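Please read the structure below before turning to the comments.
First the proteins, then the strands, lettered A, B, ... as listed; each starts at 1. Keep in mind the model is a prediction, meaning the values are calculated, not measured.
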Protein chains: 2
Amino acid sequence: MQRPGGRTARVRTAVLKAAEDALVEVGFAGLDLGDVARRAEVGRTTVYRRWGSVGALLADLLTDMAEQSLPRARTGSLAEDLRTNARLVARTLADPRQGALFRAVLVAATCDRDAAEALHRFYRARVEEWAPCVTEAVDRGELPPDTDAAEVVRAVSAPLYYRMLTTPDPLDEVTADRAAATTLAAAHAGTFRRPVT
Amino acid sequence: MQRPGGRTARVRTAVLKAAEDALVEVGFAGLDLGDVARRAEVGRTTVYRRWGSVGALLADLLTDMAEQSLPRARTGSLAEDLRTNARLVARTLADPRQGALFRAVLVAATCDRDAAEALHRFYRARVEEWAPCVTEAVDRGELPPDTDAAEVVRAVSAPLYYRMLTTPDPLDEVTADRAAATTLAAAHAGTFRRPVT
DNA sequence: CCACTAACGGAACAGGAATCCCGTTAATGA
DNA sequence: TCATTAACGGGATTCCTGTTCCGTTAGTGG
């Protein structure tokens with residue numbers, strides 16, 4: 001018999017919140033389930049029993065984040081939509097709290113199977129959310145009909161993540177707008193057309 | 001008085017090699033300095049004293065990698081150069097040994113200050129190595145004169161890293177070629193021109 | 001309202017990583 | 001060749017993470 005009500009849910013919320021706080025403060029490497037339990041004012045045993053590993057905890061955290069992520073833009077202009085997306089991603093990654101969270105989860109995904117799967121689900125969902133911006137542009141005749149919408153959406157985010165990971169430079173609006181413009185130009189040039197199989 | 005000769009250098013080489021092996025086998029999360037010492041047939045104390053942390057060890061490893069990284073292509077054609085670069089990056093990341101190494105170092109950089117600095121130096125050096133491909137194309141009149149060469153080079157790698165981190169899909173040649181083509185199209189369209197300050 | 005039991009939590013315990021101590025080895029320079 | 005000392009290495013020690021045990025709390029269904 002499962003008991004999702006009351007206490008169980010309260011504990012989960014408190015632990016996920018505490019895990020977020022801990023991540024922001026000490027980062028992924030310094031994350032310790034005992035510390036999370038203390039912050040959540042919950043027994044260590046509970047955290048170890050329900051999640052068992054840092055990876056599993058982050059996977060759960062990511063699932064939670066996926067549920068409350070923002071809907072896509074609907075400006076009616078592909079250029080505008082891509083720029084909105086790029087700025088949203090840049091702002092998210094630049095935010096001390098959210099950025100630390102994303103970095104931690106990316107890291108966890110390279111170490112832990114559960115976290116990796118949760119991460120892949122998260123990004124698949126995000127890409128699917130934004131893909132209509134592209135397919136609608138295709139329908140309007142702005143882009144070639146065999147354009148791979150998912151790849152276009154990914155192309156917007158890629159430079160931002162790459163910059164965050166490999167340089168000490170901040171993620172500003174200029175960078176975001178360039179990512180959007182680059183993707184748009186390439187999409188118009190047809191480089192995102194699905195290769196003939 | 002420093003003693004770089006003989007034994008010291010031998011120990012460093014053995015430890016770095018052992019660290020690489022360990023990384024490939026157990027990944028970043030499972031890395032344990034004691035295990036590295038055992039593999040290198042070196043005293044645990046030595047490893048803890050000279051490096052002290054996983055981050056510092058990886059930073060040293062990365063410095064070592066930077067020294068023996070490959071020179072850029074010189075095909076005389078920007079399209080060809082970018083494609084060569086993209087394929088090189090894709091092959092490196094897809095390689096079980098090198099790929100694991102890069103992922104581990106990226107991870108370490110998000111946790112450890114030393115590793116982060118070493119990583120930034122590494123990528124700055126790589127970008128500088130390949131930037132001439134772009135500036136020469138600018139000189140030939142293929143691209144706008146105020147094109148930001150470094151950004152063009154980064155744009156080639158970005159989609160590959162993003163794909164590796166956020167999807168379970170393999171990094172194949174199609175992906176690499178698309179990254180190069182996308183960058184080329186955008187560069188021609190002028191999206192990598194330095195914004196007027 | 002009560003019996004049942006899923007889920008929690010404190011405390012004791014176990015295992016392993018990081019540190020410290022101190023004797024040994026081998027570069028270095030005269 | 002020899003004195004000096006940087007650097008190494010084995011072993012004891014400390015500290016901390018994760019597990020286990022078992023009594024307690026509080027959702028759930030009747």
Q | Selection residues 88-101 of chain A - residue pairs positive for salt bridge (charged side-chain N to carboxylate O under 4.0 Å, His left out), sequence neighbours left out | A |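 Sorted result for residues 88-101 of chain A: A/E20-A/R97, A/D21-A/R97.
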Q: Only pairs at least two apart or in different chains count here, so list each salt bridge (charged side-chain N to carboxylate O under 4.0 Å, His left out) that has a residue in residues 115-137 of chain A.
A: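 Found A/R72-A/E136.
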Q: Apply side-chain contact (heavy atoms from CB on, under 4.5 Å) to B/T183 and B/F192, showing your working.
A: CA-CA 9 Å; B/T183 305; B/F192 294 112; 4.1 Å; yes
Q. Is any side-chain N or O of A/R7 under 3.5 Å from a base N or O of D/dT25, one able to act as donor and the other as acceptor?
A.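 Yes, the side chain and the base share a sub-3.5 Å donor-acceptor pair.
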Considering residues at least two apart in sequence or located in another chain, which fulfil the side chain to side chain donor-acceptor pair (under 3.5 Å) criterion with [X]?
| X | value |
| --- | --- |
| A/N85 | none |
| A/D172 | A/T175 |
| A/T147 | none |
| B/Y123 | B/Y161 |

Q: Using whole Å, report how far CZ of B/R44 lies from P of D/dC8.
A: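 About 15 Å, once rounded to whole Å.
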**Q.** DNA chain D-proximal residues of residues 45-60 of chain A, any heavy atom under 4.0 Å
**A.**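 A/T45, A/Y48, in order of number.
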Q: For DNA chain D, determine which residues of residues 11-33 of chain B have any heavy atom closer than 4.0 angstrom to one of its atoms, and list them numerically.
A: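 Residues of residues 11-33 of chain B under 4.0 Å from DNA chain D: B/V11.
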Residues which pass side-chain contact (heavy atoms from CB on, under 4.5 Å) with [X], listed by chain and number, not counting sequence neighbours:
| X | value |
| --- | --- |
| A/V107 | A/F28, B/V107, B/T110 |
| A/T13 | none |
| A/A137 | A/L78, A/R140, A/E142, A/L143 |

Q: Compute the angle between the rotation axes at the two ends of the helix from C/dC1-D/dG30 to C/dA30-D/dT1, each taken over five pairs, rounded to 10 degrees.
A: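 That helix has its two terminal axes inclined by roughly 50°.
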